[in-house]
Structures are given as C-alpha cells and as structure tokens.
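Just so it is clear: chains get the letters A, B, ... in the order the sequence lines come, proteins before strands, and each one is counted from 1.
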Amino acid sequence: MPKYNPQKIEKKWQKYWEAKKLYITKDVVGKKENRMLLTEFAYPSGNLHIGHWYAFSLPDIKARYLRMQGYNVFYPTGFDAFGLPAENAAIKHNIHPETWTRQNIAYMTRQLKSMGTMFDWSRKVSTIDPDYYQWTQWMFVEFYNAGLAYRAVTKVNWCPKDKTVLANEQVVNGKCDRCSSEVLQKDLAQWMFKITDFKDELIDDLTRLDWQETAKLGQINWIGRSEGAKIKFMLEIISGKPSKYFVEVFTTRPDTIFGATFIVISPELAKTWIKNGWKASEEVRGYIAKSLAKRELERQEAKEKTGVDTGVFAVNPASNEKISVWVADYVLGQYGTGAIMAVPTHDQRDREFAEKFHLPISDAPLKDKAQIMALLKNKGAGQDYKTYRLHDWILSRQRYWGVPIPMINCPVCGYMPVAKKELPVKLPPLKDFKPTDDGASPLAKATKWLQVKCPKCAGSAQRETDTMDTFVDSSWYFMRYADPNNTKEFAAKAKMKKWLPVFSYLGGAEHTTMHLLYSRFFIKALHKLGHVDFNEPFLNRRNRGIILGPDNQKMSKSRGNVIDPDGEVKKYGADAVRMYLAFMGPYLHGGSWNPGGITGVYRFLNRVWNFVGLYNSKVKPRAAVLGILNDYIKSIGTHISDLDFNTGVSDLMKLLNELESEQISKKEYETFLKLLAPFAPHIAEELWQNVLKNKTSIHLQAWPMHDSKLIVKEKVFLIVQINGKVRDKIEMAGGISQKQVEEIVLHTPKIKPWLEGKQIKKIIFIPNKLINIVV
RNA sequence: GCCGAGGUGGCGAAAUUGGCAACCGCACUAGCCUUAGGAGCUAGCGCUCGCAAGAGUUUGUGGGUUCGAGUCCCACCCUCGGCACCA
C-alpha cells in the first residue's frame, strides 16, 4: 500500500465522476423523491476563499447523504455575474467587465471543481448570459404591465463614490454597504418594484415556513409593521379661531392620549403645509430649510433635540385641551403620518424635547385602549392604522455592468416596455463604461444602441439607460435550474413542479433582508400573475455561521489572517479541508480556522488509509462491535441531517478508534467507508474501488441500514450516587432489577462507609443507568 | 433603547435533552522509535490538596425548584448579531 497521496487520488476521482456523469441530475429517477438542495450561487470575484468552501463543500455532505438515503438529489450551482464590484475591478485593472467576469468564471469553475462536490455543472446558470437575462427582462415587463414596476421621483440614496443609486437595503448606518462612503439623499426619478403590495403576506406567510427564527425575525423587523392608530387633531391657525384644518398623528399608544401635551410635525410635513398656503413665520421657514438641508446621518446623529414653535394650536380630541404644535426634525417625514402627539411621560424623546423647551408634562392616567379608540372613532377623530418601515425597492442603477431595463421613452407617448418578442435587450459593448457624477447612466453614451423607433407613434425614441440592481438577477435564478435551456419561457411549469419550491436552502445570514426578501417578493408577484404555482420560494432555510481567521477575527487582507484554500488543498487535500471545516463546529455556528487543527483530520485520514489491512473476510466480529457500528449508523445520519457535521466527524473518529483494536470482516469495513463517504468522498471512493475492488461508485450505494432491534447491552456501568454525588460506578449485567442492584450496592466496600450510622430515606433507581441513595 | 443568539478547560468544542461535565480533536508534558523531524507510537492532561489511594471543587454571577441542574424558573452581568430619534 503506497502512502496516502490526496493530490493524486482526488484529481483521479474527480475526472472519473465527471466521465461517468455521476452528478448529472435527471428530473425523474424511478420512484425516488426529488430534493433540490440549494446554496447561494457564487459571485465571480476572481478567487475562492475559505467562505466558499464552507458554503459549498459542507452542504455537499448533506447532499451526498440524502442521495445515499434514496432521494434523487439535485445540487445546482451557477454564477451571479453582473454587478458593481466586477465593474469597479474592471476599471481598476483597465479591462472590460465582461472580459474580467468571464475570466473569473473560468478560473473559479476550475477551483470549484477541485472541491469534489456533487454539483451538476450541466445545469449551470449564469446571470450575464442573454439566454438568462432575457427572462429577467421579461419579468420586469410582466411586473410593469401589472403595475408592480413603476417609475417615480423619490428621495433616493446616492453613493458618491460608486456614482449610483442604492436600495434602502444596501445602506448600512447611512453608508454604502459596498464601499462605505457616506450616502447622500437626492430626489431622482427611479424605477421601482412595488414590494410594499405584499408587505402583509411577506410577514404573515413566514409562519408556515421552516426557517430559522432569527431569519424570520430579521424580515419581520425589516418590514417593520407597527399597529396603532391615526388620530385627528383639529387646528387653530390663529389663536382662538377654530378652522377646517387638522393634523393627523400616528401612534401605537392611543391609550396615552390624555398625556399628550403638544404636537410635533416633521419639517417635511411643515413644508407641504407652506406649499398649501400656510403663512409660517420666518423662524419656522428658516428651521425647515436648515433641517431639510441636513444630511441623513447628521439628522440621525444629532445629540440634542432642536425645533421651533409654529404658533399653531391643536385641540386634543380626547381631553379638548388646547396644545401647541411644534416642528422638529426628530420626527421623520417618511414614517407614519409625519406627525406625532408628544407624550413626555411615556416617551423618552418627547420628554427630552419637553424639558428643553419647557413644555408641559402631564401625568394623566392611562385609559383603556379599546375604550379610547371607541371614543375617538365616535368623534370621527380616530381610526385603526398600521404603518410600515418597508419602502418600495428601487431597482435602477446608473451603472454599466447590469441588465438593461427593457423600456423605451418616447417624447410623445411616454414610457413603454420593449415588446416581449424583442427581448433580450442586449447590453451594448461599450469602451467607455465608467459611471458619471450627474446620475446619467453610462449607457447614454451608446448613441447607436440608444435610438429606437417608438412602437406607437413611429417617432424617434430612446431606450432606458439605467440597468438593474444585481439582486433582481438573483431573485429568480433557482427556478432556472429546473429548466436551464428553455428558450420559450423562464422554466416550464411541469419542470418546476419537479424541483420547486426549493426543499432546502443553506446560505449566509447577510441575505436575510435582501436576497431572501426580494426572492419572496418575486415569487409572490409571479404567483399573482399566474406564472408559478407556489407562492413561497424556499420551504426550509438555514443560515450558516462564518469562518474566522486564526485570531478569531474576520478574515481580511488588511489583518493578514486570510487562509488560502488552494494552499491548504495542496498540503492536505480537499477531503481534509472539507472535513476540517466540518469538524470546527456546528454548521449554523461557524468557527475559526486554526492552522494546527487541520492536521488532526489529516492524521485521521492517514489512519483511515492505513486501516485497510485490518479487515479480514474470514473473521466473525464480536456482537458488541456490530452493536457499536449499528449505533454509529444512526448517530452519524442524524448529525448530518441536523447539519451538526462536527459531531459527525467526531463520531467517525471514535468509530475508527474502536475498530482499530477489533477484528472485523469485509462487510463492516464497507459500512465504515459508506459512513465516511459524504465527508471525504475521494478517499472513500479510492478505498471502495481499489482496495475492495467494487465496480460501481461508493456514492451510488445506499446508506447502511440501522437495525433498531439490534441492542447489544450485555453489560452496563451503573452510576452509584449518595445524595446525588457520584461515589462509585459498578459494571453489571444489563436489565437487572432494583432489588438486585440494591443487594449489590449496599454491600460494596466503597459505598458502605458513606452509609454508616445513617438512615436511608429514599432510593431513586433508573434501570441500566443510576441508583441514588438519599440519607 | 428594542429584538434575537450566546457565555462550559490553554484553544475548537461535546453532553443520549433533567441522570458520570469536559466525548472527539488541537496545543502542551513525559517516554519510545528515528541519522533527522513540523513524521509515527505509548502515557498523562479542568482546577486545588496529595508520592499515591483519594478528597474537595468547577459550566458568566446570585438565588430558586428537584433525590439529582450546563440543561428548568427568577434576577443580574458580559459578548456577538439585527433594528433604531420608527412615535
């Protein structure tokens, strides 16, 4: 037997599996149930990092296990290849984004194949292929026609460095989530998806999904449904004179209304009042102008509250008290009604404001919520109302490397979608694709491409020059896997029925409020339009943990703690890298890479390699050995199912430790290799075919049968406690009765002294486990 | 501030879900083997006392329930993640 040489055998078997088409997925395989196991497809950044290995090679353990369990498993992959980082990198390296991206895809495909996963490359999907993105465009047109995509001027987040608009979801603490520049607010006309149409379904349907609670809560928080009431306060513009005007406030606590001692409106609302003819004082106008000029971050970070008295009075509809109305920018224009009733006794912010401006603070008692609402409704001053944090999804980007938005703008007829038969609108090759400062898309420079005839009036019109946010591309990619080469539709319904909705989706927690939310919106919209038969994309979702560097910090070049997977594969092989990642901790928890740690699994694989000679066909193993093996079949399977790969590896190590000192026959050796196969597919295949001389792949074998009746408990260790403290462990035959145990225990020399001179009050006995004597 | 997850040896972690805390590894120590070792083998390894047998003690802190608590209940402290002048 030569030495264990992972580099040699891994390449060999990867070629063999490809040649034998082992991982080509068929839609129907006998009576087997189909299972799609989905992981988020890769962004072609140029190089695989440890995170990719964690994302792809560990779910592969489960994919292989499910296959051995008798399912028809589909483990797909592809590339999410449009996007801003590709474009920025291309600008930096002075090459075209398409060249850069295609090079990366080629290189990363080779790297991905070195993992030895059971990805079905024949169904690969890439979002930059016109065959793919014509359907992204088709969906946009569908949504547009249904009023689910529209163009409007709104306040948008503008990244001055990336020179494009960002979705709310892409702004983190007022900064661009890609480049960390401070985001500016601009009023621009943008294309939007009406995700808010589904805001309630997006919350309520979560209850029937098998998702991690944290992921569900993340979405619920993001949508931010807040249930309360709108309450009308009549206004007196000039002190003492009633008028027809009113202000409406939003509150989740109508029961505190008797404690409302003033009203605060946002500068945004005040501005619309002025627009509608309100004669505000110079001081008020000045304050509004100053507040609206503030950057969002400034407004958020303000330490002290600011505001001015409007001179307007409002009447509290519950108490009939006259209270003053203030403008202050701690009240937000875009949330609720843009106005609040201030209750200093119940709200910290209102209290701060009241104290600073010496406004009254009332400790009027709380009232019953239902009673108050009945009163207010009766007066015509109140109604139940829900408000949401979620905004519509701004999808247009003023950048080159994305899917062109398939719209035409005619100066006479206005905007209209490109006819479906004209799709795809291909992205024109452009030499100068750099973004501009003025918010114009680089595609505006594609002068020839730009000009079209208006389909309605035949006059000259222009194409839309904005491209789509990459998250549009990835909102439906998993459906394309079901039918990747279809030229008539994005996927045939019959094919989708085989694989969708996705049975199990494993991915990163960072996608909770973006990709996962967007995909759910897409499916709900497509379902509403009759294009898919299901209305949730992912039945089961788990977020994996993250892998940190040896210093327990996030891996980053600047910290110098990056582990290069290619280097590790060269040293220890893909099986060892996979298995070490699996061994580090529970999959949902993640772990940190310890350079010494991988040597542990590498040693284990070497021991597996050298274990070969120990089996002997003529030998009859002890019953106890069969029992142990039987236990591990069950426990390793359960651990893989639960994504507790770490304890699975641990079990394999324990099992080998036990078997190394035993006599086993070929059958037991085969079982051991099958249990190993999902974790270390290459070495298992090598031993299976070259040592055991099997002719078909180990990955086509069935998972060993667990025999629940095979309980081999010839002997048990019984724990002996006195007052709950362990004082002895006694080996005895299994199934022995309490009387017999007492007989033995009460006379053991170790126990006797503990009982001397004491009265036995109670004896707790748990068969085969424990006896506790209370004195 | 609100919501969520977590806190166990020098390190990664395990604990049949209320029944031997620390499995499996890493690191470390001693010995063997070796021309050599960043290879392999054997033994030890939570902490304290002890040559040892053994005893005491230990799962963030304090309390409670129980024959018995890492696990259940109450209060608090800390770390990480999400949301946040969201009314």
Side-chain angles (χ1 to χ4, degrees), chain A residues 3 172-173 212-226 228-229 249-253 256 260 264 266 299-305 328-332 334-343 346-350 352-353 387-390 509-510 512-513 543 545-546 548 550 552 580 583-586 588-601 603-604 606-607 610 631 634-635 638 644 646-657 717-729 750 761-766 769-775:
Chain A
K3 263 181 79 176
V172 180
N173 295 326
Q212 244 162 308
E213 229 25 61
T214 48
K216 289 188 186 182
L217 279 165
Q219 293 207 343
I220 290 170
N221 282 339
W222 186 260
I223 297 166
R225 178 163 68 193
S226 180
V249 303
F250 173 74
T251 180
T252 54
R253 297 291 306 274
T256 64
V264 186
S266 61
R299 197 164 153 177
Q300 275 174 25
E301 284 168 353
K303 281 185 195 87
E304 215 172 295
K305 300 233 169 336
D329 64 8
Y330 81 90
V331 174
L332 306 175
Q334 331 75 283
Y335 186 76
T337 58
I340 61 154
M341 58 176 202
V343 186
H346 279 98
D347 188 289
Q348 185 58 33
R349 296 154 301 182
D350 296 346
E352 274 171 40
F353 194 81
T387 186
Y388 299 79
R389 224 189 65 98
L390 183 73
E510 70 277 14
T512 302
T513 53
N543 292 342
I546 50 172
L548 303 171
N552 268 318
Y580 177 50
F583 191 44
M584 263 179 336
L588 305 192
H589 179 271
S592 49
W593 185 284
N594 176 347
I598 191 168
T599 59
V601 292
R603 272 176 210 153
F604 167 74
N606 271 287
R607 278 171 52 209
N610 297 325
D631 286 347
K634 187 174 181 196
S635 120
T638 308
D644 290 330
N646 56 329
T647 41
V649 175
S650 164
D651 275 355
L652 283 167
M653 289 173 166
K654 282 190 244 181
L655 179 56
L656 184 65
N657 287 348
F717 272 100
L718 199 95
I719 298 145
V720 186
Q721 296 183 330
I722 312 288
N723 289 339
K725 287 206 178 225
V726 181
R727 294 300 175 191
D728 201 5
K729 295 161 199 177
K750 255 191 183 170
K761 288 184 192 142
K762 200 177 187 181
I763 293 179
I764 314 280
F765 179 71
I766 300 183
K769 231 174 213 172
L770 167 141
I771 181 163
N772 185 12
I773 302 161
V774 185
V775 293

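- For B/G81, the base adopts the anti conformation, since its glycosidic angle falls more than 90 degrees from zero.
- Residue contacts for A/G596: at a heavy-atom cut-off of 4.0 Å it reaches the sugar-phosphate backbone alone, with no base atom in range.
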Where do N or O atoms of nucleotides 46-49 of chain B meet protein N or O atoms at under 3.5 Å, pair by pair?
none

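- Between B/C23 and B/C76, the distance separating the two P atoms is 35 Å to the nearest Å.
- A/R225 comes within 4.0 angstrom of nothing in the nucleic acid, heavy atoms only.
- An OP1 or OP2 oxygen of B/A87 is reached within less than 4.0 angstrom by no side-chain nitrogen or oxygen of A/Y330.
- Nucleotides B/G60 and B/G6 place their C1' atoms 11 Å apart, quoted to the nearest Å.
- Between the side chain of A/K305 and the base of B/C85 there is at least one donor-acceptor pair of N/O atoms closer than 3.5 Å.
- Remark: A/R389 engages no residue in a side chain to side chain donor-acceptor pair (under 3.5 Å) (not counting sequence neighbours).
- The listed nucleotides are B/A87, B/G19, B/C67; the one nearest the side chain of A/I766 is B/G19.
- Under 4.0 angstrom from either OP1 or OP2 of B/G56 there lies at least one side-chain N or O belonging to A/R727.
- Under 3.5 Å, the side chain of A/N772 and the base of B/C67 form at least one donor-acceptor pair of N or O atoms.
- With RNA chain B read from its 5' end, the first of the two nearest nucleotides for A/D350 and A/W222 is the one closest to A/W222.
- Using a 4.0 Å heavy-atom cutoff across all strands shown, A/F583 reaches at least one base atom of the nucleic acid.
- Side-chain proximity of A/T252 to B/A87, B/G12, B/C26: nearest is B/A87.
- Map A/N552 and A/K729 each onto its nearest nucleotide of RNA chain B; the residue landing nearer the 5' end is A/N552.
- For A/K725, a side-chain nitrogen or oxygen approaches OP1 or OP2 of B/U57 to under 4.0 Å.
- Annotation: B/C51 and B/G64 have their P atoms spaced 37 Å apart (nearest Å).
- On the P atoms, B/A52 is 30 Å away from B/A69, given to the nearest whole Å.
- Within 4.0 Å (heavy atoms only), A/Q721 reaches at least one base atom of the nucleic acid.
- Distance from the side chain of A/I764 is smallest for B/C67 among the nucleotides B/C67, B/A13, B/G25.
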Structure string for RNA chain B in dot-bracket form, Watson-Crick and G-U at under 3.5 Å, | interchain
(((((((..(((......[....))).(((((.......))))).((((....))))..(((((..]....))))))))))))....

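- Donor-acceptor pairing under 3.5 Å is recorded for the side chains of A/D350 and A/Y330.
- With a glycosidic angle more than 90° from 0, B/U16 adopts the anti conformation.
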